[in-house]
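Since the model is a prediction, treat every value here as computed from it, not as a measurement.
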Amino acid sequence: MDILHAFSVDNMRFILEGFYMTLKVALISIILSFLVGCVVGTVRYTKIPIVSPVLGVAVELLRNLPLLLIIFFARFALPDVGIKLGPMNATIVALTLFEGAMIAEIVRSGLTSIDKGQIEAARSSGLSYVQTLWHIVIPQGLRRMVPPLVSQFISLLKDTSLAIVISLPELMHHAKIVIGQSYSYTLPILFVVAVLYFAVNYALSLAARRFEARMV
């Protein structure tokens, strides 16, 4: 009977409140990290003197740091320099920096994969560098970026669970509280959490496949 009590209305409502926070943080972070990644990745691709190398160092630094460390930094280190962030904002900042660096590399690699012959042909036909980038390189590069981008977005959604260490009231945080009521709740609650994560991530994968198919 304890297992059935795990699925009580109050418990499920509490779990869904945490899930809403997870989706909210993930959505904001996906939008911000995508924008940051696109800008940084494009700038790195264009090889602007000084700017591109500096961004390259920043990207490599962030990509090779544990996300958990960046979350701790945003929550507990930034206040030392006068920037105080709550759990939600600290998580969004950390995810945006980390995932933005990952996406920047995906964007740069996607743009670099375009055959240089097409770029030379476009330039010789009278298109400016910016026009070539906008009409030739980016559209083709975007098709190749879709699978790794969606994979990164899925990772971002799952990475929100790391914010449990700074007490963000997200899905895993609420699940831990419910499980704390009774040890017998562990399996059913973790099952519910797994189903929620799977449902969203699978939906993202399906949407990406349809989007990719339409772009072919």
Item to check | By ring pair (Phe, Tyr, Trp, His ring centres under 6.0 Å) - contacts of F72 (at least two apart) | outcome: F76
Next on the checklist: Using the ring pair (Phe, Tyr, Trp, His ring centres under 6.0 Å) criterion, which residues pair with Y202? Sequence neighbours excluded.
Outcome noted: F198
Checklist outcome for this item: Hits for salt bridge (Lys or Arg N to Asp or Glu O under 4.0 Å) against D10, two or more places apart or cross-chain, chain-then-number order -> R13
Item to check | R75: partners by salt bridge (Lys or Arg N to Asp or Glu O under 4.0 Å), with sequence neighbours left out | outcome: none
List the atom pairs, donor and acceptor, that lie under 3.5 Å between side-chain atoms in residues 83-96 and the rest of the protein, sequence neighbours left out.
residue	atom	partner	partner atom	Å
T91	OG1	P87	O	2.7
T96	OG1	I92	O	2.7

Listing, residues 15-23 side-chain donor-acceptor contacts under 3.5 Å, not counting sequence neighbours, or none:
residue	atom	partner	partner atom	Å
T22	OG1	G18	O	3.3
T22	OG1	L171	N	3.0

Exercise answer: donor-acceptor pairs, residues 45-62 side-chain atoms, under 3.5 Å, sequence neighbours excluded:
residue	atom	partner	partner atom	Å
T46	OG1	T42	O	3.3
T46	OG1	V43	O	2.7
S52	OG	V43	O	2.7
S52	OG	I48	N	2.7
S52	OG	I48	O	3.2
E60	OE1	R63	NH1	3.4
E60	OE2	R63	NH1	3.1

Checklist outcome for this item: So side chain to side chain donor-acceptor pair (under 3.5 Å) across residues 168-177, not counting sequence neighbours, yields none
Could you tabulate the donor-acceptor pairs under 3.5 Å formed by side-chain atoms of residues 25-32, not counting sequence neighbours?
residue	atom	partner	partner atom	Å
S29	OG	V25	O	2.8

Checklist entry - Of all residues at least two apart in sequence or in a different chain, which pass the side-chain hydrogen bond (donor to acceptor under 3.5 Å, both in side chains) check with N11? => result S8, Q181
Name every donor-acceptor pair, under 3.5 Å, that has one atom in a side chain of residues 150-167 and the other anywhere in the protein, sequence neighbours excluded.
residue	atom	partner	partner atom	Å
Q152	NE2	E99	OE1	2.5
S155	OG	S151	O	3.1
T160	OG1	L157	O	2.5
S161	OG	K158	O	2.7

Item to check | Selection residues 193-203 - residue pairs positive for salt bridge (charged side-chain N to carboxylate O under 4.0 Å, His left out), sequence neighbours left out | outcome: none
